[in-house]
Amino acid sequence: MFSDVRTTDLFVGESLIPAIIPVLRELGIEEKVKAFSVYKPGATVWVHPDLMAEASFAGGMNTLPTYAYNTNRRHFDALLLQTAREAGVPIVEMRAGIQVQNGKVALSDETLSACRAYFNGQPDFFIDASGRKRIFSNAMKLPERKGERMDTALFAHVKELEFSANYGDIHMHLATRGWCWRIPLPDRTSVGIVINRETLANYGTSSEEQFDRYIQEDPKISPFFKNVERISAVQKYSNYQLQSQRITGKNWALVGDAAGFLDPVFSSGLYFSMKYASELAATFDSSSGSTLRSYEKRWHREIASWRKMIEIWYNGRLFTNFKMGNDRLSTFLGKRIGKHAIRHFTAIFTGEAVLNRYSMWLLRFMTGPLLNFMYFFRMHRYKVKDLEL
Ligand SMILES: Cc1cc2nc3c(=O)[nH]c(=O)nc-3n(C[C@H](O)[C@H](O)[C@H](O)COP(=O)(O)OP(=O)(O)OC[C@H]3O[C@@H](n4cnc5c(N)ncnc54)[C@H](O)[C@@H]3O)c2cc1C
């Protein structure tokens with residue numbers, strides 16, 4: 001395994017979802033992760049400063065642990081590397097270089113000579129886990145699918161913020177033109193804003209100025225950032241919605257962000273990377289019944305579900321559904337339907353039911369045709385467009 005050093009200590013991917021816990025257990029590292037993380041029992045979404053939607057992970061179908069962690073990413077990555085080392089994986093600490101011929105990957109001469117101790121000639125199979133560097137996709141010019149959003153995310157650490165409710169949850173806030181997150185970490189709070197770059201340009205020229213001004217000046221989020229003190233530089237991410245159309249080939253496979261990344265909103269990145277790393281590993285075990293083909297098929301199917309969820313977050317349908325449902329929670333029908341829907345929606349967002357056909361159908365139906373029908377017959381008065389991000 002080749003491991004290049006990160007150029008920054010500050011890296012996104014701090015909030016985990018329950019579906020990652022089985023992978024941490026499989027690796028035997030959950031207790032170690034817990035030691036440098038904050039226990040995360042759910043997610044809290046602030047539609048505006050005095051209307052919040054709480055989703056406890058215990059409200060799903062309970063086939064998964066009902067919690068996750070908010071973690072220190074630097075410690076998390078170091079732990080994964082150490083775990084690999086202890087399992088006997090030889091780790092070459094350098095940036096791997098590759099060459100491609102006739103759709104087959106090979107190590108560059110320089111990289112090959114740096115690891116002569118491990119290989120007699122070229123390795124048989126290659127996995128690209130290089131994250132957004134996407135080294136195989138770039139070298140092979142693999143067809144890719146870009147997402148519709150062209151947002152910029154600015155992210156930094158600030159001195160511990162006060163949480164008026166639900167400490168431990170990730171808190172997501174709808175801003176005037178985008179959204180922001182607050183993630184409680186052991187001795188600090190992670191804050192990120194996700195917004196289109198034209199809006200951001202009105203808040204200054206440097207990332208630091210834009211970040212500091214936006215969280216103080218947007219009236220929908222500023223109440224949550226009183227006396228905020230930034231303690232890190234600001235990292236900027238843009239154009240991150242990118243997915244490869246092919247993730248396996250003659251002697252190679254892609255995993256993690258190198259295969260594709262959709263959006264930060266549901267904290268699915270690390271879960272998705274680690275779950276499919278585990279599935280990819282299973283394809284090398286002939287008794288597992290898994291093949292590269294089935295790996296690729298499952299990956300595409302699951303990413304399509306996450307894409308749908310992300311779409312309804314940005315197009316306003318999820319919040320419209322929440323507001324409409326909230327008005328009806330005290331009625332006989334509203335209580336029953338609401339309970340059923342919340343159970344399925346929670347299970348989807350924890351990763352538990354993301355491949356469950358009925359749950360996904362219900363989400364599509366309730367945020368699509370049902371909303372339209374009820375609006376048409378004046379059974380609710382919310383315009384989806386008003387809650388679009
Ligand atoms: C704004 C934003 C917020 C996010 N928030 C969350 C969140 O809260 N929760 C979550 O789960 N996910 C989140 N994500 C997604 C998450 O960061 C990624 O999905 C996750 O880091 C992917 O892991 P990875 O291992 O594929 O890639 P990376 O974490 O990028 O790791 C790739 C590694 O490969 C190394 N490397 C690169 N090239 C080479 C080479 N040639 N040779 C050797 N090594 C190399 C790099 O140094 C790096 O260590 C967020 C993403 C964004 C953009």
Side-chain angles (χ1 to χ4, degrees), residues 1-21 23-24 33 37-38 40 43 68-74 76-78 80-81 84 91-98 105 107-108 110-111 114-115 126-139 147 149 151-156 169-172 178-185 190-195 207 211 234-244 247 254-277 280 303 306 310 350-351:
M1 181 176 132
F2 296 93
S3 175
D4 192 14
V5 279
R6 280 198 204 281
T7 47
T8 165
D9 253 4
L10 193 66
F11 198 72
V12 280
E14 299 166 318
S15 183
L16 307 179
I17 57 171
I20 202 174
I21 304 291
V23 189
L24 302 184
V33 171
S37 304
V38 168
K40 177 184 173 189
Y69 298 104
N70 298 310
T71 196
N72 176 312
R73 186 69 207 265
R74 194 163 54 87
F76 188 84
D77 284 5
L80 287 185
L81 206 58
I91 294 168
V92 186
E93 298 206 1
M94 68 175 285
R95 177 175 304 172
I98 59 150
V105 173
L107 293 178
S108 67
E110 191 195 352
T111 303
C115 55
F126 297 84
I127 294 171
D128 183 359
S130 65
R132 285 172 19 100
K133 294 258 164 55
R134 303 163 52 84
I135 56 175
F136 292 10
S137 301
N138 289 335
R149 306 285 307 183
D151 293 321
T152 294
L154 295 181
F155 148 74
D169 281 12
I170 181 173
H171 287 241
M172 287 135 91
W179 64 278
C180 89
W181 76 71
R182 291 186 300 151
I183 301 172
L185 296 174
S190 160
V191 175
I193 56 179
V194 179
I195 201 168
S207 298
F211 178 90
V234 174
Q235 294 287 334
K236 180 176 181 170
Y237 297 82
S238 31
N239 301 334
Y240 38 73
Q241 293 194 336
L242 197 60
Q243 165 195 341
S244 272
I247 62 162
L254 315 179
V255 75
D257 282 10
F261 176 67
L262 291 178
D263 200 89
V265 64
F266 294 119
S267 307
S268 57
L270 278 176
Y271 148 71
F272 208 67
S273 303
M274 293 185 71
K275 174 184 168 184
Y276 282 91
L280 184 54
I303 208 163
W306 287 103
I310 289 159
T350 59

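Remember, it's 1-based here, ligands and their atoms both numbered in the order they're listed. Each residue takes its place number in the sequence, starting with 1.
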> Leu80 and Met274: side chain to side chain contact (heavy atoms under 4.5 Å, CB included), yes or no, with the steps?
Replying inline: CA-CA 11 Å; Leu80 287 185; Met274 293 185 71; 3.8 Å; yes
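Only the side chain of Arg73 comes within 4.0 Å of ligand 1, judged by heavy-atom distances. Contacts between Ala153 and ligand 1, counted as non-hydrogen atom pairs separated by less than 4.0 Å, involve the side chain only. Contact annotation for Ser273 and ligand 1: only side-chain heavy atoms (C-beta onward) come within less than 4.0 Å of the ligand. By the criterion of a heavy-atom distance under 4.0 Å, neither the backbone nor the side chain of Phe155 is placed next to ligand 1.
Checking Ile170, Asp257, Asp128, Thr152 against atom 19 (O) of ligand 1, the nearest heavy atom belongs to Asp257.
The shortest non-hydrogen separation linking Arg134 to Ser244 is NH2-OG, 3.6 Å.
In this pair, Phe155 and Tyr237 present their aromatic rings tilted. The plane angle is within the 30 to 60° band.
Between the CZ atom of Phe266 and the CD1 atom of Ile170 there is a distance of 10.5 Å, given to the nearest 0.5 Å. Note that CD1 of Ile247 is 11.5 Å distant from CG of Asp128, once rounded to the nearest 0.5 Å.
Ligand 1 lies out of reach of Phe272, whose nearest heavy atom is not under 4.0 Å from it. The shell of residues lying under 4.0 angstrom from ligand 1, judged by heavy atoms, includes Ala129.
Looking only at distances, no side-chain donor or acceptor of Asn70 sits under 3.5 Å from a matching main-chain atom of Lys40. Under the 3.5 Å distance criterion, the side-chain polar atoms of Thr111 are left unmatched by any main-chain donor or acceptor of Leu107.
Listed by number with element, the atoms of ligand 1 under 4.0 angstrom from any heavy atom of Ile135 are 41 (N). Which parts of ligand 1 touch Gly269 is read off a 4.0 Å heavy-atom cut-off, strictly below it: atoms 10 (C), 11 (O), 12 (N), 15 (C), 19 (O). The atoms of ligand 1 that sit less than 4.0 Å from any heavy atom of Phe2 are 43 (C), 44 (N).
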